[in-house]
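Any value given below was found using the heavy atoms of this structure, including those in side chains, with hydrogens, waters and symmetry copies removed.
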Amino acid sequence: QLQIVESGGGLVQPGGSLRLSCAASRSTFDYYTIGWFRQAPGKEREGVSCITSSGSGANTNYADSVKGRFAISRDNAKKMVYLQMNNLKPDDTAVYYCAAVRSDRCQLLRTWYDWWGQGTQVTVSS
């Protein structure tokens, strides 16, 4: 069982920045691809970004809506994945979820991932 905990959400003004963190419990964290998803009220959960396991060179992928504004990274020694979010917009308001799958492929599909965190709220508003 892989435990995942997100943190770093909050209230920020449009144009501001936040960094979300995803902490994992397993020592074999290196072998997991990690994805970030978000779900706004009344909408489907959508993929935001993902980063592959280190063995494949830690490739990344981003949704078109966040390209150039968000950056995903991982620190395997700390068993952490980060999502740096810059130039935030009101449309970025959602609960953000971290998810994991033991794979070397990165996909922005909910069904790809096996383990999920509880989510952290991000609200972008003036």
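The only option from Y32, W112, Y31 that meets the side-chain contact (heavy atoms from CB on, under 4.5 Å) definition with S103 turns out to be W112. Residue V48 forms a side-chain contact (heavy atoms from CB on, under 4.5 Å) with just one option from L108, N61, L83, and that option is L83.
Classification of the W116-Y97 ring pair by plane angle, with boundaries at 30° and 60°, yields perpendicular.
Note on L88: it does not cluster hydrophobically with Y82, by side-chain heavy-atom contacts below 4.5 Å among ILVMFWY residues. Hydrophobic clustering places V122 together with I72 (ILVMFWY residues linked when any side-chain heavy atoms are closer than 4.5 Å, directly or through intermediates). Both W36 and F70 sit in one connected hydrophobic cluster of ILVMFWY residues. Membership requires side-chain heavy atoms under 4.5 Å apart, directly or through other members.
Contact annotation: the side chain of S25 approaches that of L2 to within less than 4.5 Å [non-hydrogen atoms, C-beta and beyond]. Looking only at side-chain heavy atoms (C-beta outward), C98 and I34 come within less than 4.5 Å of each other. R38 places a side-chain heavy atom less than 4.5 Å from the side chain of S65. Using a 4.5 Å cut-off on side-chain heavy atoms (C-beta onward), S125 and L11 make contact. Y113 is listed as a side-chain neighbour of T33, based on a closest heavy-atom distance under 4.5 Å.
The two residues G47 and A63 come nearest to each other via the heavy atoms O-CB, 3.4 Å. Listed here is the closest heavy atom pair of S17 and N87: OG-N, 4.3 Å. A pairwise comparison of heavy atoms in P14 and S126 identifies CD-N, 3.7 Å as the closest pair. The two atoms that bring W115 and I4 nearest to each other are O-CD1, 3.6 Å, heavy atoms only. Considering all non-hydrogen atoms of both residues, A24 and F29 come closest at CB-CD1, 3.4 Å. Taking every heavy atom of both residues into account, Y62 and A71 meet most closely at OH-CA, 3.3 Å.
Remark: S53 OG to R102 CZ distance equals 9.0 Å, nearest 0.5 Å. Here NZ of K67 is found 10.5 Å from OG of S49. Values are rounded to the nearest 0.5 Å. In this structure, the separation between CG on D30 and NZ on K79 is 10.0 Å, given to the nearest 0.5 Å.
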Please step through side-chain contact (heavy atoms from CB on, under 4.5 Å) for the pair V124 and M85, ending with a clear verdict. CA-CA 11 Å; V124 184; M85 306 187 296; over 6 Å; no

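With E6 contributing its side chain and T120 its backbone, the two residues share no donor-acceptor pair below 3.5 Å. The main-chain N or O of G8 is never found under 3.5 Å from a side-chain atom of Y96 such that the two would form a donor-acceptor pair.
Counting only N and O atoms by type, the side chains of T52 and D104 include no donor and acceptor under 3.5 Å apart.
Taking the centre and axis of the six-membered ring of F37, the NZ or CZ atom of R45 falls outside the cone set by 45° and 6.0 Å.
Residues K89 and D92 are not paired through a salt bridge, judged by the lack of any N-O separation under 4.0 Å between the basic side chain and the carboxylate.
Not counting sequence neighbours, the partners of T123 by the side chain to side chain donor-acceptor pair (under 3.5 Å) test are Q121.
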